[in-house]
Amino acid sequence: MADAKPTAKIKRLDNDYTRKLNQQQADQQHHTRWLGHRRVRRATRILVVFAVFAVILGVQLIRTHASLHTVNQQVATSEQQLKKTQAKSADLKLEIKQLNDKDYLGQLIRSKYYYSKNGETIYSLPGDHASDVTAK
């Protein structure tokens, strides 16, 4: 049977070769740790650059969305104004057409300004628009 501690009988040699070997192992461990730290720093820098670009693009996206919302509101307001203007234009065109009709024009002048044809008598009643005649 073997001893419970077989390494107790083994003695390490302390010579130039073993010291160089131990120094090489220590240097290699130091180099491996240095590479690990370097990789971590590189990964951190890459993540920071990515985060900066993500924040910049996110801000641009939010600003663009807000600008789009503002433009959509302006378009809706402009469309409402356009509809009102088109309706007013249609009303004015109809009025122009009616004012070119001599019968309508005569009726309008008689009702609004109380003009009369030859031989007509106009009676003003209290409910009439007599104040319009005196105001003008």
Are any non-hydrogen side-chain atoms of Gln25 and Leu21 less than 4.5 angstrom apart?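 Answer yes - side chains close enough.
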Do Thr70 and Gln74 make a side-chain contact, defined as non-hydrogen atoms from C-beta onward lying under 4.5 Å apart? yes
Which residues pass the salt bridge (charged side-chain N to carboxylate O under 4.0 Å, His left out) test with Asp14, sequence neighbours left out?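 For Asp14, the residues satisfying salt bridge (charged side-chain N to carboxylate O under 4.0 Å, His left out) (neighbours in sequence not counted) are Arg19.
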Closer than 3.5 angstrom, by distance alone: can the side chain of Thr44 be matched with the main-chain N or O of Val40 as a donor-acceptor pair?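 Present.
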Distance-only criterion, 3.5 Å: show the donor-acceptor pairs between side-chain atoms of residues 27-36 and protein atoms not counting sequence neighbours.
{"from": "Asp27", "atom 1": "OD1", "to": "Gln23", "atom 2": "NE2", "distance (Å)": "3.0"}
{"from": "Thr32", "atom 1": "OG1", "to": "Gln28", "atom 2": "O", "distance (Å)": "2.8"}

How far does [atom1] of [X] sit from [atom2] of [Y], to the nearest 0.5 angstrom?
X      : Y      : atom1 : atom2 : value
Asn72  : Ser67  : CG    : OG    : 9.5 Å
Ile56  : Leu61  : CD1   : CG    : 13.5 Å
Leu105 : Arg110 : CG    : CZ    : 10.0 Å
Gln107 : Asp103 : CD    : CG    : 8.5 Å
Asp101 : Ile96  : CG    : CD1   : 14.0 Å

Taking only residues two or more places apart in sequence, or in another chain, which ones meet Gln73 in a side-chain hydrogen bond (donor to acceptor under 3.5 Å, both in side chains)?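 Counting only residues at least two positions away or on another chain, Gln73 forms a side-chain hydrogen bond (donor to acceptor under 3.5 Å, both in side chains) with His69.
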Whichever hydrophobic residues join Val59 through chains of side-chain contacts under 4.5 Å: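 Answer for Val59: Val55.
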Transitive ILVMFWY cluster of Val75 at side-chain heavy atoms under 4.5 Å: who else is in it? Val71
List in chain and number order the residues that pass side-chain contact (heavy atoms from CB on, under 4.5 Å) with Asn15, two or more places apart in sequence or in another chain; answer none if no residue qualifies. Leu13, Tyr17, Thr18
Pair Asp91, Glu95 - check side chain to side chain contact (heavy atoms under 4.5 Å, CB included), show working. CA-CA 6 Å; Asp91 290 345; Glu95 189 175 338; over 6 Å; no
